[in-house]
Amino acid sequence: MNVISETLQSLKLSNCGTDTTFFQAVEEVLVSIEPLLSSYSKYQENAIVKRLVIPDRQIQFKVSWLDDKNDIQVNNGYRIQFNNALGPYKGGLRFHPSVNSGILKFLGFEQILKNALTGVAIGGGKGGSDFDPKGKSDKEVMKFCRAFMGELYKHIGATIDVPAGDIGVGGREIGYLYGAYKAYTSRYEGVLTGKPLFFGGSLMRTEATGYGVIYFASEMLKSENKSSLEHKICTVSGSGNVAIYTIEKLKQIGAVPVTCSDSTGFIYDKNGIDSELLKVLKFEKRVGLEEYTNIYPNAKFTSINEYEDGAHGVWSIPCFGAFPCATQNELTLKDATNLISNGVEIVTEGANMPTTQDATALFLKEGILFAPAKAANAGGVAVSGFEMSQNASMGKWTSLEVDLKLQETMREISQNIVKTANDFGDGRNYVMGANIAGFKKVADAMIAEGI
Ligand code: NDP
Ligand code: 2IT
């Protein structure tokens with residue numbers, strides 16, 4: 001279809017060199033919404049595709065801060081306010097040396113459709129910095145956060161744009177960022193989510209993304225009349241917020257998660273990964289995964305230097321369910337081939353776009369159940385939306401209330417996707433179902449709001 005190829009062509013031409021992941025995310029969406037675009041002319045008449053792929057605004061700023069030696073350090077800061085048709089811009093902040101505007105555009109674009117699927121009134125955005133929290137003291141992280149917020153506070157607000165965490169940004173960073181926002185503005189409002197519990201955080205926000213991933217996978221298995229995850233061997237990548245609570249929920253429902261990974265390598269523990277130990281290693285000690293074997297000498301650590309060319313060690317372990325929860329493009333065609341030949345039955349994306357395009361295509365072709373990130377990991381931002389509601393009403397929901405609402409949200413997302421995919425002729429294609437359902441909601445709001 002013309003509008004799809006024209007849009008992809010113009011994005012390719014305007015690519016500033018860092019936009020490969022953004023292009024990948026847009027291409028995946030546009031190709032899969034083709035059946036919707038050819039059924040309804042209103043989306044083309046209102047130029048929705050062209051309007052959706054360009055952010056409302058991209059803010060880039062300098063962050064200068066003093067390290068512990070009193071030397072001046074300088075980083076880049078960003079906030080991409082992508083689309084607010086459905087509500088205030090909403091999406092995480094990523095602190096990682098790989099951050100650039102292209103990565104944040106990919107994440108911001110995905111966030112628009114993900115947030116639409118949650119049913120909460122939130123638009124899409126993303127931000128962050130190339131600052132690396134690794135190896136920095138608490139004071140350095142605090143000083144960086146204060147300097148970063150020194151510019152960001154001018155652009156955000158509880159009804160304008162509400163950032164949260166992502167890679168490298170957890171409770172510690174959100175606490176410092178919130179303190180800085182308050183210092184600059186004198187406002188005590190729900191401007192960030194994922195806050196610590198004693199100043200406006202929601203119970204269950206920490207667990208929400210990982211728990212939601214498992215609720216979604218369980219719904220998917222149920223709607224396919226397949227056996228549940230109980231007693232099944234599962235592989236998980238990552239060892240941060242999303243991975244840890246994915247592992248924790250897998251264990252709660254009686255599955256056996258046998259792997260986790262980080263940027264140094266992966267752990268295989270056939271008795272099941274100890275998620276409590278991961279919390280200590282990653283959130284308190286902030287060390288590499290090899291230390292896991294100090295406590296569990298029978299677990300095996302494999303360094304990334306030992307990985308097969310083009311593959312990632314975790315995905316060589318036979319499993320029923322695979323849960324990529326680390327970062328983008330961490331599950332390649334070679335990994336998908338390994339997983340399929342080892343009998344994988346369900347792949348659920350906890351990270352954002354962890355599966356490469358050719359690997360996704362292979363899973364779909366081979367009939368493997370495949371849950372795309374914008375649906376499967378939407379529980380995190382959904383509970384962020386619940387945190388915004390609690391802040392706005394100055395209320396506090398119990399863990400049980402939040403957990404039940406999270407389960408209901410993941411069930412509704414799954415049912416909406418299956419219905420949409422069925423309406424467009426392929427009920428098992430959750431990628432198409434998620435993209436069409438998310439796109440349609442945002443596009444209809446954009447049309448109703450005019451230009
Ligand atoms: P964390 O920073 O808590 O953990 C990230 C994990 O991934 C760490 O184990 C880290 O290893 C590993 N990792 C990061 N980058 C790389 C890399 N380039 N190569 C290998 N390993 C890497 O982040 P989260 O758990 O919050 O985020 C993980 C994924 O989930 C991301 O894609 C994020 O966008 C997505 N997500 C997060 C949500 C949330 O609520 N936090 C919500 C929805 C999606 P190491 O410890 O060595 O750095
Ligand atoms: O990718 C994501 O959905 C997140 N990092 C969470 C965003 C949020 O606003 O809670």
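Just so you know, ligand 1 is whichever comes first in the structure, and atom 1 is the first atom listed for that ligand.
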As a test of reading the model: which N/O atoms of the protein lie under 3.5 Å from N/O atoms of ligand 1, and at what distance?
| from | atom 1 | to | atom 2 | distance (Å) |
| --- | --- | --- | --- | --- |
| ligand 1 | 2 (O) | Gly168 | N | 2.9 |
| ligand 1 | 3 (O) | Asn241 | N | 2.9 |
| ligand 1 | 9 (O) | Ser239 | N | 2.9 |
| ligand 1 | 9 (O) | Ser239 | OG | 3.1 |
| ligand 1 | 11 (O) | Ser263 | N | 3.4 |
| ligand 1 | 25 (O) | Asn241 | N | 3.1 |
| ligand 1 | 25 (O) | Val242 | N | 2.9 |
| ligand 1 | 32 (O) | Asn352 | N | 3.1 |
| ligand 1 | 34 (O) | Arg94 | NH2 | 3.0 |
| ligand 1 | 34 (O) | Asp166 | OD1 | 2.6 |
| ligand 1 | 34 (O) | Asp166 | OD2 | 3.2 |
| ligand 1 | 34 (O) | Asn352 | ND2 | 2.8 |
| ligand 1 | 40 (O) | Arg205 | NH1 | 3.4 |
| ligand 1 | 40 (O) | Arg205 | NH2 | 2.9 |
| ligand 1 | 40 (O) | Thr209 | OG1 | 2.8 |
| ligand 1 | 46 (O) | Lys282 | NZ | 3.1 |
| ligand 1 | 47 (O) | Lys134 | NZ | 3.3 |
| ligand 1 | 47 (O) | Ser263 | N | 2.9 |
| ligand 1 | 47 (O) | Ser263 | OG | 2.4 |
| ligand 1 | 48 (O) | Lys134 | NZ | 2.8 |

Any idea which protein heavy atom is nearest atom 2 (C) of ligand 2, and the distance to it?
Lys114 NZ, 3.2 Å
Could you check whether atom CZ of Arg187 has more than 12 heavy atoms from other residues, nucleotides or ligands sitting under 6.0 Å from it?
no
Heavy-atom pairs closer than 4.0 Å: do any link ligand 2 to the side chain of Lys374, the backbone, both, or neither?
neither
Salt-bridge test for Asp68 and Lys139: reply yes if a basic N is under 4.0 Å from a carboxylate O, no otherwise.
no
Is Glu140 paired with Lys143 through a side-chain N to carboxylate O contact shorter than 4.0 Å?
no
Step-by-step side-chain hydrogen bond (donor to acceptor under 3.5 Å, both in side chains) determination, Asp274 to Tyr296
CA-CA 9 Å; Asp274 179 347; Tyr296 291 100; 2.6 Å; yes
How far is atom 10 (O) of ligand 2 from its nearest protein heavy atom, and which residue and atom is that?
Ser384 OG, 2.5 Å
For Lys90, the ligand 2 atoms with a heavy-atom partner under 4.0 Å come out as 8 (C), 9 (O)
Considering only protein heavy atoms, which is closest to atom 7 (C) of ligand 2, and at what distance to one decimal place?
Gly92 N, 3.6 Å
SB check Glu345 Lys232 (cutoff 4.0 Å):
no
Could you check Val169, Ile167, Asp130, Asp132 and say which one makes a side chain to side chain contact (heavy atoms under 4.5 Å, CB included) with His96?
Ile167
Ion pair Glu248/Lys251, N-O distance below 4.0 Å:
no
If you measure from each non-hydrogen atom of Lys126 to ligand 2, which part falls under 4.0 Å: side chain, backbone, both or neither?
side chain
Asn352 contact mode with ligand 2 (heavy-atom cut-off under 4.0 Å)
side chain
Pro163 heavy atom under 4.0 Å from ligand 2
no
Taking non-hydrogen atoms only, is Glu110 closer than 4.0 angstrom to ligand 2 via side chain, backbone, both or neither?
neither
Using distance alone, with no hydrogens and no angle criterion, decide if Lys222 and Ser414 have a side-chain donor and acceptor under 3.5 Å apart.
no
With Leu30, the side chain to side chain contact (heavy atoms under 4.5 Å, CB included) member among Leu8, Asn435, Leu52
Leu8
Which ligand 2 atoms does Gly165 reach within 4.0 Å, using its non-hydrogen atoms?
4 (C), 5 (N), 6 (C)
Taking the six-membered ring of Tyr268, is NZ or CZ of Lys300 closer than 6.0 Å to its centre and within 45° of its axis?
no
Consider every N or O of Asp166 and every N or O of ligand 2, then say whether any pair is closer than 3.5 Å.
yes
For ligand 2, which atoms have a heavy atom of Ala164 less than 4.0 angstrom away?
8 (C), 9 (O), 10 (O)
Cation over ring, Lys136 on Phe131, under 6.0 Å and within 45°?
yes
